[in-house]
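Remarks on the structure that follows.
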Amino acid sequence: MASSEIESGGNEGSCGCSDVVVDQISLLSLKEKTSEVSKPDEVVPSAESSRKCDEDDREVALNKSPTSAWTCLEDYKRFSESILWTFMMNFYDKKGVDSWSQGIVPYFITSNAYIGRTYAKLLYGFLSDLSRGDTHMKLNKNEKLYIVELGAGAGKFSFFMIKALWELKNIIDFPIVNITYVLTDFTESNVNFWKGHHALQPYVESGQLDFAIFDASNDEQIRLINSGITLSKENPTENPIFVVANYIFDTLCHDVFHVDAGVLKEGVVSVGTSKEGEPDLQDPDIIETINNKYQYVPTEVDYYCDIERDVDAPHLKNVLTWYKTYFIENDPNELGASVLLPIGSIRALRNISDASKAGTVVLAGDKANCHPNAFRGLVDPHFAIHGSFSVMANFHAIGVYCTSRGGFYMHNQAEEASLQVSCFVIPPSTGRVERSAECEVGDSMKHEGLTRVAGERVAQFPLFAQAFDDNVNSFGPSDFFALQRCVKEETPNPSLANIVALLRLSNWDPDIYFKFRDQILTQVASASCKLRNDLIKGMPRIWDNYFELDKEKDVAFEIGRFYYGCLKYGEALKYYGLSSDTLGEHHVTSHNMGLCHYSMGNLETALGYFEKALALKSTYEKAANWIEKVSKEMGGDESKKQT
């Protein structure tokens, strides 16, 4: 018998399997790889994370007051035209995918299987409404439907949403083969990463995934690399364009305004640095030293009339008029207001909406403000530093803009949320400046009127609205993030049953499994047969959801550890092999493969893996001990045969 013992009977015997007792060899194998992480030459994952950011604690405040050690980099100018945004572009252009793979910029909250499925359900609700034919937005099932993701970064969210759409293909009232998901970003290095990522290749080959280099705030055309198609005002799509914008609106350029004693003022910025000496403006690390000065000068609500496109000028005037009017009428304590206007995001929405004959739908997830009361007080812009920087996105202003254009918005009703998810709908363009009765700011565009007008328009999309209520308001991506964090950080010893429930809720997300791998492995041996079987059935789904990005997270190896703990050595070998294939050979992986073969009675094969482990690391004592042990056993078997 192999050294791992199986006891028969137990209180789960009726389900056809027995409780497992894992002996010392199994326990060693479960701990083997992670226990050595403290050694300086190890590069494998550890239970204690060494990541630079903790999930999505995105920000370190950068609201410095200029000191004597201050060097001016740029004199006062319009906030959206300052060199700050060039610094940000330089950072992401130079760092590329390393921004996420090295943990410089956190991403889990917007790149997990749960949020991918959530957005797919919202698209399903939207398409269901259009299929009913009761809206002013039309759907042509014989034409392509494009999902355009802005600032797709590493492409991990894209992977999850595409997979979730495929899982819904039998109930979506639109041919799945006519849906094309387009990953966009402004830097070519990210596009090259997507092209070479094995998890995306099946969708590229089927024609349902395409790429584009696209600067969301400035480019007016989206040129698809694989198909050669250009989406533009000159070549618009027949169907609505569905836009995904996660953690992008907080990084596109903004303008800043104050409403001070009833006067609208523009904020201008002089960018400086606290770093001594001649600064290198191309160095992405310069962001860490930014130290700005601000001035506020009176302006008018028609501020944008001469500097933005004519078609947007009246809507931007409406937005500024809305804030000026609101804070004149609703500021009893004379606190004033500080408003970041997301001009870069509004330009992006205009450029994309021009490329569709049938309108645009935007799903945006960000750290954002959705209520005007968040703007009370006269303060300078708040910067969050996470390698690059971001500001607080103003989803409320985008909602006013879309309503002025004849559309509507739906905001997450929770004001306190790590991730605000909002939906914005822009109707088909009429080819002229949109001026509905609501376009001019009157009673209908004041706070209560704005909500009423948007609500009336939402009512035309009941299935979409219900999907938003179910999947965002009732329990959404921010709630999921908070829950998994609570279980991890506020529950000292979560039960295996609760961890399995969280895995199911996450849609078997690999990062969730990785976070709880040690708790799972220490409890699975004593778990009930049914609970253990639930995990065994879920492991292939976890691997199917794996998107290689962070090489510190060897998910295949951890799945192998799980199967070894369940005495399923063949499955353990499969995932140890996948670990070697995806992240390269490692002495601990070879050692554990040797343990599997030893437990299966394959002594010669086991010896080969132990020898390989020792070859990969000559000082690896455990492998040397096993070589000695197995060699003696093989020698004993040979002498028995001879006698």
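Using a cut-off of 4.0 Å between Lys/Arg side-chain N and Asp/Glu carboxylate O, Arg485 and Glu490 are scored as not salt-bridged.
With sequence neighbours left out, the side chain to side chain contact (heavy atoms under 4.5 Å, CB included) criterion links Asp470 to Gln466. Evaluation of the side-chain hydrogen bond (donor to acceptor under 3.5 Å, both in side chains) rule for Ser495 yields Asn498 as partners, not counting sequence neighbours. For Asp509, there are no salt bridge (Lys or Arg N to Asp or Glu O under 4.0 Å) partners at least two apart in sequence or on another chain. Qualifying ring-ring contact (aromatic ring centres under 6.0 Å, His included) partners for Phe249, counting only residues two or more places apart in sequence or in other chains: none. Under the rule for a ring-ring contact (aromatic ring centres under 6.0 Å, His included), the partners of Phe193 that lie at least two apart in sequence or sit in another chain are His197. Contacts of Lys121 classified as salt bridge (Lys or Arg N to Asp or Glu O under 4.0 Å), with partners at least two apart in sequence or in another chain: none. Partners of Lys574 under the side-chain hydrogen bond (donor to acceptor under 3.5 Å, both in side chains) rule, at least two apart in sequence or in another chain, do not exist in this structure. Checked against ring-ring contact (aromatic ring centres under 6.0 Å, His included), Phe468 has no partners two or more places apart in sequence or in another chain. Take Tyr181 and apply the side-chain hydrogen bond (donor to acceptor under 3.5 Å, both in side chains) test, not counting sequence neighbours, and it matches Glu149. Phe159 meets the ring-ring contact (aromatic ring centres under 6.0 Å, His included) test with Phe547; sequence neighbours excluded.
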List the atom pairs, donor and acceptor, that lie under 3.5 Å between side-chain atoms in residues 471-483 and the rest of the protein, sequence neighbours left out.
| residue | atom | partner | partner atom | Å |
| --- | --- | --- | --- | --- |
| Asn471 | ND2 | Ala467 | O | 2.9 |
| Asn473 | OD1 | Gln413 | N | 2.9 |
| Asn473 | ND2 | Asp469 | OD1 | 3.3 |
| Ser474 | OG | Asp469 | O | 3.0 |
| Ser478 | OG | Ser418 | N | 3.0 |
| Ser478 | OG | Leu419 | N | 3.4 |
| Asp479 | OD2 | Gly476 | N | 2.7 |

Side-chain donor-acceptor distances from residues 160-171 under 3.5 Å, at least two apart:
| residue | atom | partner | partner atom | Å |
| --- | --- | --- | --- | --- |
| Lys163 | NZ | Asp544 | OD2 | 2.8 |
| Trp166 | NE1 | Gln208 | OE1 | 3.2 |

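The two atoms that bring Phe242 and Leu363 nearest to each other are CZ-CD1, 3.3 Å, heavy atoms only.
Thr180 and Asp210 are not linked by any side-chain donor-acceptor pair at a separation below 3.5 angstrom, with hydrogens and angles left out of the test. Side-chain N/O atoms of Tyr576 and Asn592 include a donor and acceptor closer than 3.5 Å.
A ring-ring contact (aromatic ring centres under 6.0 Å, His included) with Trp626 is found for one member of Tyr609, Phe610, Tyr620 and no other, namely Phe610.
No more than 12 heavy atoms of other residues, nucleotides or ligands lie within 6.0 Å of NZ in Lys568, so this atom counts as exposed by the packing criterion. When the shell of 6.0 Å around CD of Glu188 is examined, it contains 12 or fewer heavy atoms from other residues, nucleotides or ligands.
Cation-pi geometry between Lys488 and Phe516 is met: under 6.0 angstrom from the ring centre, within 45 degrees of the axis. Under the 6.0 Å distance and 45° angle rule, Arg561 does not count as a cation-pi partner of Tyr564.
Distance CE/Met593 to CG/Asn602: 12.0 Å, rounded to 0.5 Å.
Asn545 places a side-chain N or O within donor-acceptor distance of the main-chain N or O of Asn507, the cut-off being under 3.5 Å.
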